[in-house]
**Student:** 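Take a look at this one; I'll ask things after.
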Amino acid sequence: MNYLQITRDGLWDKNVVFTQMLALCPALAVTSTATNGLGMGLATTAVLLGANVLIAALRHLISPDVRIPVFIVLIATLVTLVDMALNAWLHELYKVLGLFIALIVVNCAILGRAESFASKNPVAASALDGLMMGLGFTLALIAIGGTREILGSGTLFKDAHLLLGEAFSFLELTLIPGYKGFLLMILPPGGFLAVGFLLAVKRIIDQRSARRAQEAASVAAPVTA
Amino acid sequence: MKLKISELRDTLGYQIALLGVVALLASLLLTQASILTRADIAAAEARDLQVSLAQVLPEGSFDNALAEDTLLLDSPQGQVKVFRARLKGKVTAVVMKLSPIGYAGPIDLVVGMDADGKVLGVRVLKHKETPGLADQIETSKGRWIFSFDGKSLNDPSPKDWAVKKDGGVFDQFTGATITPRAIVGALKRGLELFTKEHERLFDSAATQRAEGDTK
């Protein structure tokens with residue numbers, strides 16, 4: 001199993017949002033600020049990691065015919081456990097993230113990884129896949145949230161201290177002082193616009209690097225025919 | 001062993017048993033987790049409520065557990081929950097929980113009032129109003145919610161308890177009138193209810209008995 005490839009797939013090549021186009025519902029719904037994106041991303045990463053490990057460990061016991069309901073019960077149980085534990089013991093964090101946690105159950109990216117990766121691969125590889133897919137999702141949400149927040153309210157990582165603690169309040173930047181705000185970017189249409197433009201940017205980068213790889217290949221092996 | 005399982009996996013009985021066992025284990029796990037966390041969650045929520053209620057009362061003006069000293073009042077808009085602040089057993093102020101309908105659903109707010117019917121403070125606990133336009137009702141986004149401090153039903157006069165657009169004295173926001181109108185209206189109705197039920201609210205002896213009356 002090629003761990004480097006798993007890492008690349010999760011972070012860029014098969015990015016949950018920008019390549020697989022999965023989990024767009026939470027991606028659009030919570031990314032009005034970069035901090036919200038970060039919170040949702042981290043919570044999702046935790047569940048993805050747990051679900052992948054659990055399902056990879058049980059993969060020989062699960063009949064292919066009934067795998068989907070088994071996966072869903074396992075994922076929903078995991079999410080509910082995270083929800084209850086956070087509410088009871090990390091209540092301040094729960095007040096910020098609580099809304100997002102219930103949304104994770106319906107995040108199709110988790111079921112997608114269980115189905116296409118964890119049910120066919122050993123535990124270690126599945127754990128790495130869950131972690132990297134989760135981090136790729138987190139980075140995508142921060143990119144969308146950051147774009148919307150900068151254009152919409154002129155700040156970046158506002159209220160990050162609520163999520164990460166006072167030590168991280170240095171992240172909170174006011175990039176455009178006295179900015180009146182651009183409401184459209186904060187409202188739902190801004191989510192679609194941000195995802196669309198970021199997607200275009202990623203495609204351009206991918207095309208460039210593909211063309212460069214092609215040129216390099218043709219130089220290395222000149223056409224003889 | 002592994003070979004055996006892969007054959008067994010395709011039988012109907014195994015699949016039924018698998019689903020049953022998974023569901024059973026999941027329920028057991030969740031039951032255990034729920035029992036483990038229930039007390040802590042209830043305590044955390046009670047603390048949240050106490051903190052949000054204490055925001056609209058002067059510091060040191062009460063020494064009881066506000067969240068547990070409640071009355072239910074009947075109003076035309078439905079039942080209104082009232083929390084009573086006591087100092088040495090005597091009711092000194094009340095906090096009303098109101099939920100007027102704003103532009104995008106209910107706006108949950110609390111308002112503290114002293115024995116003379118003067119507003120001690122108003123805070124919005126939860127709302128879904130438009131960000132950037134109407135979220136100035138939050139203390140982190142604007143000072144508007146403080147404009148009610150010290151007001152009462154006769155100051156300004158009842159007909160002035162409205163937003164400026166409706167001929168009252170309270171500011172509305174540019175591009176958002178519905179939200180402030182809902183809050184001002186709810187506060188006015190709350191103060192009217194307060195005046196009507198004043199005797200019951202400040203009857204220090206009544207707790208369970210008064211609550212029983214409304215049922």
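None of the values given here were measured: they were computed from a predicted structure. Each chain gets a letter, A, B and so on, in the order its sequence line appears, and its residues count up from 1.
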**Student:** Nearest 0.5 angstrom please: T77(A) OG1 to L29(B) CG, how far?
**Tutor:**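 Here the interatomic distance stands at 7.0 Å.
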**Student:** Taking side-chain hydrogen bond (donor to acceptor under 3.5 Å, both in side chains) as the test, write out the residues that go with R9(B), two or more places apart.
**Tutor:**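 R9(B) satisfies side-chain hydrogen bond (donor to acceptor under 3.5 Å, both in side chains) with no other residue.
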**Student:** Take atom NZ of K14(A) as the centre, draw a 6.0 Å sphere, and report whether it contains more than 12 heavy atoms from other residues, nucleotides or ligands.
**Tutor:**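 Counting other residues, nucleotides and ligands, NZ of K14(A) stays at 12 neighbours or fewer.
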**Student:** Looking only at heavy atoms, which two atoms of M84(A) and I41(B) are closest? And how far apart?
**Tutor:**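 Taking M84(A) first and I41(B) second, the nearest heavy atoms are O-CD1, 3.9 Å.
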**Student:** Starting at CG of L61(A), measure out to OH of Y14(B) and round the result to the nearest 0.5 Å.
**Tutor:**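 Output value for this atom pair is 4.5 Å.
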**Student:** Under 6.0 Å from the NZ atom of K118(B), do we count more than 12 heavy atoms belonging to anything else shown?
**Tutor:**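 Not buried by this count: 12 neighbours or fewer within 6.0 Å.
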**Student:** Measure distances from S34(B) to the heavy atoms of chain A and classify the residue's part below 4.5 Å as side chain, backbone, both or neither.
**Tutor:**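 Interface part for S34(B): both.
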**Student:** Please classify the contact of L18(B) with chain A as side chain, backbone, both or neither, using a heavy-atom distance under 4.5 Å.
**Tutor:**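 The side chain, not the backbone.
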**Student:** Residue by residue, which of residues 185-197 of chain A have a heavy atom closer than 4.5 Å to a heavy atom belonging to chain B?
**Tutor:**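 Near chain B, by residue number: I186(A), L187(A).
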**Student:** Without hydrogens or angle criteria, can the side chains of H91(A) and D48(B) be said to hold a donor-acceptor pair below 3.5 Å?
**Tutor:**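 Yes, side-chain donor-acceptor contact under 3.5 Å.
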**Student:** With heavy-atom distances below 4.5 Å as the criterion, would you say the side chains of S63(A) and D10(B) are in contact?
**Tutor:**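 The answer is no; the side chains never approach within 4.5 Å.
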**Student:** Give a yes or no on whether Y103(B) atom OH has more than 12 heavy-atom contacts from other residues, nucleotides or ligands under 6.0 Å away.
**Tutor:**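 Result for OH/Y103(B): open.
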**Student:** Count the heavy atoms of every other residue, nucleotide or ligand shown that sit under 6.0 Å from NZ of K188(B), and state whether that count exceeds 12.
**Tutor:**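 Correct, the count exceeds 12.
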**Student:** Would you say that N87(A) contacts T37(B) through its side chain, given a criterion of any heavy-atom pair below 4.5 Å between the two side chains?
**Tutor:**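 N87(A) does not reach T37(B) side chain to side chain.
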